[in-house]
Amino acid sequence: MYPIETIRKDFPILEEQVHGKSLIYLDNGATTQKPQVMIDALVQYYSSYNSNVHRGVHHLSQKATDAFEEARRTVQKFIGAEKEQEVIFTSGTTDGINIISTIFGASKVQKGDRIFVAESEHHSNIVPWQWVCEQKEAELISIPFTKEGLDIDFFEKEAKKGIKLVAIAAISNSLGVVNPIEKIIKIAKENGAYTLIDAAQSVAHQKIDVQKMDCDFMVFSGHKLYGPTGVGVLYGKFDLLNELPPYRGGGEMIAIVTMEQSTYACLPHKLEAGTPNIADVIALKTSIDYLEKIGLDTIAEYEHELVQYAYQELEKIEGIEIYGSKKNRSGAISFNHKDIHAYDIGTLLDQMGIAVRTGNHCAQPMMKCLGISGTVRATFALYNTKEEVNILVKSLKRALMMLL
């Protein structure tokens with residue numbers, strides 16, 4: 001049996017009151033809440049062995065370095081990477097995408113090349129590629145979104161005309177729709193293209209195996225994985241990362257520096273200039289350990305049942321439209337009422353102690369495709385319950401009665 005009561009006790013913020021009501025937190029797509037063990041890991045680092053890594057022979061530096069590199073090995077195993085050097089620590093998903101768009105764009109993209117992104121992408125996976133295309137006179141191709149999901153037939157047909165890279169999210173942040181990543185990667189490979197996968201919305205909901213997936217790059221954020229804000233991961237195949245130029249210059253990423261020229265360190269240090277986010281990297285390891293103790297498959301099964309139940313109950317409410325298919329969905333439900341603005345619904349739900357997200361979810365092209373300005377988005381995590389879904393539905397009905 002899924003240990004929901006034990007799990008909920010591990011997250012102290014769930015005891016908070018909002019406007020006199022017990023908090024129901026359904027904004028996990030924006031950021032997840034944190035288990036006490038992760039918070040304790042941060043406190044322990046700062047209180048007992050705070051020191052810079054890789055640069056000292058003294059005891060504290062060695063202890064911090066060991067913990068930092070153990071975190072790298074934990075991430076390596078968590079995502080199924082072949083080598084620990086393929087794991088680069090970043091500040092988050094956006095940072096990871098910008099690193100690859102900058103160095104890949106500089107060294108690999110040429111005039112006339114075609115880069116594909118999905119119409120459903122987060123802005124952080126659109127804007128950096130627009131910059132690359134503007135700078136290199138390349139072409140940005142949008143993969144259309146339909147009621148059934150991404151138009152894979154369009155992508156397959158267009159990829160045959162030429163493709164340099166496809167950058168796509170495993171799960172849409174705005175709708176929770178699961179994209180057919182394996183098929184997209186297969187088509188890209190058949191046409192000699194590179195692939196970047198945005199796993200920000202999928203990494204906490206399903207097991208990831210980058211070798212099986214065969215993606216060239218993958219990025220995700222720690223704070224959507226029950227870890228701290230300000231830390232993320234960039235995965236890249238070793239040979240590919242090794243041949244790309246550095247992203248930033250500074251300490252740690254160099255081998256030899258003279259006033260005339262510099263040579264660069266080996267991976268992963270070549271792409272990790274400056275003092276890293278040591279405490280948060282170490283705490284991220286604790287969050288991953290916490291998840292693996294429960295089991296990603298166990299979590300995925302529980303969340304799938306929860307999301308399907310929420311979908312089933314929400315679609316019963318008159319006037320509610322849910323976006324995206326019911327079956328290919330993970331972690332999120334995005335909806336509107338035909339006569340009421342999403343912001344008004346979200347505001348009243350907040351007064352009832354329920355945290356949801358409203359707006360365009362940094363996915364304006366997706367909203368334009370749907371012909372709307374935004375949605376109410378409820379996103380779920382391993383600590384949410386069916387009882388919370390029932391309260392959401394009851395509160396939503398009450399809000400609609402007040403607004404209609």
Side-chain angles (χ1 to χ4, degrees), residues 32 69-90 92-93 96-97 99-100 104 118 125 149-150 152 165-173 176-190 193-227 231-242 267-268 271 281 284-304 307 327-332 381-382:
T32 52
E69 291 304 325
E70 183 58 32
R72 196 188 306 276
R73 288 187 287 273
T74 295
V75 173
Q76 174 203 352
K77 294 174 184 175
F78 183 65
I79 64 174
E82 182 181 4
K83 304 174 187 292
E84 62 187 82
Q85 295 91 339
E86 295 174 325
V87 174
I88 310 299
F89 289 116
T90 69
T93 302
I97 294 170
I99 290 171
I100 293 304
F104 181 90
N125 205 24
L150 291 179
I152 301 303
L165 174 139
V166 57
I168 192 166
I171 296 175
S172 159
N173 79 294
V177 173
V178 178
N179 291 324
I181 294 302
E182 290 80 6
K183 187 170 184 179
I184 289 170
I185 293 173
K186 182 175 182 292
I187 293 170
K189 295 298 178 185
E190 288 172 349
Y194 297 92
T195 54
L196 180 144
I197 304 304
D198 173 357
Q201 296 296 331
S202 61
V203 68
H205 300 296
Q206 55 188 220
K207 273 189 173 181
I208 289 176
D209 186 333
V210 291
Q211 291 189 72
K212 183 179 178 182
M213 192 185 300
D214 197 28
C215 59
D216 295 299
F217 307 106
M218 188 187 72
V219 292
F220 64 87
S221 300
H223 72 97
K224 302 198 179 182
L225 192 60
Y226 308 96
V231 65
V233 170
L234 160 63
Y235 157 81
K237 289 181 177 178
F238 182 85
D239 290 342
L240 183 51
L241 283 181
N242 207 34
L267 291 172
L271 294 174
V281 166
L284 176 60
K285 175 192 181 301
T286 304
S287 295
I288 292 173
D289 289 342
Y290 176 82
L291 291 176
E292 293 201 311
K293 186 176 180 180
I294 301 170
L296 264 292
D297 288 339
T298 299
I299 293 169
E301 183 179 351
Y302 175 79
E303 290 182 340
H304 176 74
V307 171
K327 59 179 181 177
N328 296 320
R329 177 178 298 277
S330 178
L382 58 86

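Index from 1, following the sequence. When reading the values below, keep in mind they use all heavy atoms of this one structure, side chains included, and skip hydrogens, waters and symmetry mates.
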What heavy-atom pair brings [X] and [Y] nearest, and what distance separates the two atoms?
X    : Y    : answer
I208 : S202 : CD1-OG, 4.3 Å
A332 : G176 : CB-CA, 3.7 Å
T74  : I288 : CG2-CG2, 3.7 Å
A381 : Y226 : CB-OH, 3.2 Å
L225 : A204 : CD1-CA, 3.7 Å
K207 : L296 : CG-CB, 3.6 Å

Indicate yes or no for a side-chain donor-acceptor contact from [X] to the backbone of [Y] under 3.5 Å, with no hydrogens or angles considered.
X    : Y    : value
N179 : A169 : yes
S221 : A200 : no
N328 : V178 : no

Could you tell me whether [X] and [Y] have a side-chain N and a carboxylate O separated by less than 4.0 Å?
X    : Y    : value
D289 : K285 : yes
E69  : R73  : no
D239 : K83  : no

Could you grab the distance from atom [atom1] of [X] to atom [atom2] of [Y], nearest 0.5 Å is fine?
X    : Y    : atom1 : atom2 : value
Q206 : D297 : CD    : CG    : 10.5 Å
Q85  : L271 : CD    : CG    : 12.5 Å
L267 : N242 : CG    : CG    : 4.5 Å
R329 : S172 : CZ    : OG    : 9.0 Å
L291 : T298 : CG    : OG1   : 11.5 Å
L150 : K183 : CG    : NZ    : 11.5 Å

*Which residue, H205, H304, Q201, forms the side chain to side chain contact (heavy atoms under 4.5 Å, CB included) with S330?*
H205

Quick check: do [X] and [Y] have side-chain heavy atoms less than 4.5 Å from each other?
X    : Y    : result
T93  : D198 : yes
V233 : T90  : no
I197 : I181 : yes
I184 : I152 : yes
I100 : L234 : yes
V75  : F89  : yes
K237 : D214 : yes

*Taking it one step at a time, do F104 and L165 satisfy side chain to side chain contact (heavy atoms under 4.5 Å, CB included)?*
CA-CA 10 Å; F104 181 90; L165 174 139; 3.7 Å; yes

*Count the heavy atoms of every other residue, nucleotide or ligand shown that sit under 6.0 Å from NZ of K77, and state whether that count exceeds 12.*
no

*Over 12 foreign heavy atoms within 6.0 Å of CD, Q211*: yes

*Y235: what forms a ring pair (Phe, Tyr, Trp, His ring centres under 6.0 Å) with it, not counting sequence neighbours?*
none

*Flag the pair F217 / Y194 as yes when their ring centroid distance falls below 6.0 Å, and as no otherwise.*
no

*asked:* Run L196 and M218 through side chain to side chain contact (heavy atoms under 4.5 Å, CB included) and show every step you take.
replied: CA-CA 5 Å; L196 180 144; M218 188 187 72; over 6 Å; no

